[in-house]
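Report on the structure given below.
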Amino acid sequence: MNNIATISILLLSSFLLSAQESSLPKTSVAFTTSDSALQKLYDRAEALAVENIIYYGDRKVLKEGAVYDNVWLETQPMGGYMYAKRNMTVAKNNIEIFMDYQRADGRLPGVIYNRGIIIPSYNQFQGLYFAMPAFEMYYLLGRDTTYLNRVYKSLKSFDEYLWKTRDSDNNGCLETWCIFDTGEDHSIRFNEFPNGWVYEFHPTKEFAANLTKEELKINCSENEYNTAIEMKVPIESMEIMSYSYSCRHVLSLISKELNNGEEKFWREMAEEVRANLKSYLWDDVKNACFDKDKDNKTMPILLHNNLRCMHLGSFDQDMADRFIAHHLMNPEEFWTPMPLPSIAANDPSFRNISGNNWSGQPQGLTYQRSIRALENYGHFAELTSLGLKFLDVLEDSLKFTQQFEPFTATINNSKDGYGPSILTTLEFIGRFYGIHITQDKIFWSCLDDSHDYEYSQEWNGTKYKLKTKGNEVVCLKNDKHLFTFSKGVRVVTDLDCNLIEVVGISTQPTLIQYKVQKEYSLYVEPNIIYRLNGKGKFEKYKSYNYTEPIN
């Protein structure tokens, strides 16, 4: 190919990429506060997030960051969606790249490498934190039905793959076959499992006998393989079950949006997975789910993976309430000075190992998942406690590490610039002192303290702004005054900024005023949602249990 032809192709590619970017809704965020420590943290998070944007071929994506230069299914679709409020092109690419490399049998790549050429890898699931972010991107894209149909096809195909391959004993419970299926690197609960597994059947002695040492090395050492099949593989997994639940639940939501007649079918299919999860892996006495080994014996380790199930929506409300009250907020288990260890701090299997190890230390990725996990079940005030602890620790260091020391509440020695910790910081600030657009709703939130805040979100030609004057929060659309409310709550509106509800996100009851055309006084309690009734008075619409932190 001559130089003129090469230049022409490059120019055409650049033009097409530019056209794609210009067709997407424009977004941006701005935040200022009199809280100098929070401002420094926000500014550094914004700067580091930009550094994590790289090119994969001719498209921009947001990589995981720190020591991770690639995109993983467990982090980057979710991370891209969170970044959509700043860059829609990157957000869409972070989701579509996984669908681009989905295999014909439905399997999504667990990680996609960028080594000069793009290399998808299928030797692990590496999570499935994909379905709901992919669905919610549809709204941010302006209800792009072509995109949504593609997501529908992708989720349906992956769910079919799960049930064709990962229920080897046909007992209705899906299985994990290697450490990287759930991304719990080096966790002691797996002992010497294979890291990855490329085959469509779980490790067996019979299969190992026919493998050469070179073939074994593709997945693991001979010792790891033998240990795995002797001990636990396959594991009946709460998390893999939750991948299927997430697929089916979102398929029902997409079906409703597309009006394709499949909503009821997928909702019932999702409920079937939830029922099987509860009947087989939930311990009604211990108030938590526990995985089972290849002999269907309960593995008694108390795992943070219960919170992952909540993120994916597979728990019912009672299960979530009980896990939060008995375990999440328990200072002996998951509510350590820096909360959310990967294994309960008082569990015999807990190990306080820094670096990249899911045996104990709290992970930035778990905090990132906690936002949806707790909001799914109305535990807004507990999320506030959790998020403020997270922000306090990062304000002290201004470093965004992968893991944290659970007992001293400090960063560990992992590398700065870890994307999930960066995005979690930006997301908590938006949830506590700003604006968040989700589906057809806008969250306007401001906790009660002595600082001033101004937060603006531009999306699709509209600029939404929140700013404080003392205890009063003023809300505007394209600089036109909408309404005011007192600090300490979240006001939820539709996209036209009409009131839907007021939400108790603070940990203490708060007396507030809400002013639109008239003024309302309202006593707001933690985890309570209030709506106006037909008589023009606020009343409780939904109530969720609240567990106050002990420390």
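The distance from the CE atom of Met299 to the CG atom of Leu281 is 11.0 Å, given to the nearest 0.5 Å. Taking CD1 of Ile429 as the start and CG of Leu41 as the end, the distance is 5.5 Å to the nearest 0.5 Å.
Between Glu74 and Arg369 there is a salt bridge, since a side-chain N of the basic residue sits under 4.0 Å from a carboxylate O of the acidic one. Salt bridge Glu501/Arg490: absent, no basic N to carboxylate O contact under 4.0 Å. The existence of a salt bridge linking Arg166 and Asp181 is confirmed by a sub-4.0 Å separation between a basic side-chain nitrogen and an acidic carboxylate oxygen. Note on Glu427 versus Arg372: no salt bridge recorded, every NZ/NE/NH1/NH2 to OD/OE distance being 4.0 Å or above. Between Asp416 and Lys399 there is no salt bridge, since none of the side-chain N atoms of the basic residue sits less than 4.0 Å from a carboxylate O of the acidic one.
Between Lys92 and Met137 the shortest side-chain heavy-atom distance falls below 4.5 Å. With contacts defined as side-chain heavy-atom distances shorter than 4.5 Å, the pair Asn376/Met310 does not qualify. Looking at heavy atoms from C-beta onward, Met99 lies in side-chain contact with Phe130 at the 4.5 angstrom threshold. Between Leu128 and Cys247 the shortest side-chain heavy-atom distance falls below 4.5 Å.
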(request) Start with the C-alpha gap between Lys85 and Glu458, add the side-chain angles, then the distance that decides, and say whether salt bridge (Lys or Arg N to Asp or Glu O under 4.0 Å) holds. (result) CA-CA 8 Å; Lys85 59 187 67 178; Glu458 183 177 357; over 6 Å; no
(request) Check the pair Asp144 / Arg150 against salt bridge (Lys or Arg N to Asp or Glu O under 4.0 Å), numbers first and verdict last. (result) CA-CA 10 Å; Asp144 181 343; Arg150 190 179 184 205; over 6 Å; no
(message) Between Gln76 and Asn70, is the side-chain hydrogen bond (donor to acceptor under 3.5 Å, both in side chains) condition met? List the steps.
(response) CA-CA 9 Å; Gln76 294 322 101; Asn70 303 293; over 6 Å; no
(request) Please test Asp100 against Arg59 for salt bridge (Lys or Arg N to Asp or Glu O under 4.0 Å), starting from the C-alpha separation and ending with a verdict. (result) CA-CA 13 Å; Asp100 288 346; Arg59 60 179 156 189; 2.6 Å; yes
(message) For a salt bridge (Lys or Arg N to Asp or Glu O under 4.0 Å) check, start with the C-alpha distance between Asp316 and Arg274, then their side-chain angles and the critical distance, and finish with the verdict.
(response) CA-CA 8 Å; Asp316 63 29; Arg274 174 181 276 173; 5.9 Å; no
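For Arg431 and Phe443, the positive end is not near the middle of the six-membered ring at less than 6.0 Å and at most 45° from its axis. Both tests hold for Arg308 against Trp358: distance to the six-membered ring centre under 6.0 Å, angle to the ring axis within 45°. Figure legend: cation-pi geometry between Lys40 and Tyr42 absent, as NZ or CZ is not positioned both under 6.0 Å from the six-membered ring centre and within 45° of its axis. Annotation: cation-pi pair Arg115/Tyr113 present, NZ/CZ under 6.0 Å from the ring centroid and within 45° of its normal.
Note on ring orientation: taking the six-membered ring where Trp is involved, the planes of Phe404 and Tyr367 are perpendicular (angle over 60°, cut-offs 30° and 60°). In this pair, Tyr453 and Phe31 present their aromatic rings parallel. The plane angle is below 30°, not in the 30 to 60° band. Note on ring orientation: taking the six-membered ring where Trp is involved, the planes of Tyr138 and Phe135 are parallel (angle under 30°, cut-offs 30° and 60°). The aromatic rings of Tyr245 and His249 sit parallel to each other, their planes meeting at less than 30°, with 60° as the upper class boundary.
Within the 6.0 Å centre-distance limit, the rings of Phe158 and Phe125 are counted as a close aromatic pair. Taking the six-membered ring where the residue is Trp, the centroids of Trp197 and Phe180 are separated by 6.0 Å or more. Taking the six-membered ring where the residue is Trp, the centroids of Phe400 and Tyr418 are separated by 6.0 Å or more. For Phe334 and His304, the ring centers are positioned 6.0 Å apart or more.
There is no side-chain donor-acceptor pair under 3.5 Å between Thr424 and Gln368. A side-chain donor from one of Gln39 and Asp43 sits under 3.5 Å from a side-chain acceptor of the other. A donor atom on one side chain and an acceptor atom on the other are found under 3.5 Å apart for Asp321 and His379. Side-chain contact, Glu175 with Trp177: a donor N or O sits under 3.5 Å from an acceptor N or O. If you check the side chains of Ser242 and Ser314, you find a donor sitting under 3.5 Å from an acceptor.
Side-chain atoms of Thr401 come within 3.5 Å of backbone atoms of Gln403 as a donor-acceptor pair (strictly under, hydrogens ignored). The backbone N or O of Val492 sits nowhere less than 3.5 Å from a side-chain atom of Lys441 that would complete a donor-acceptor pair.
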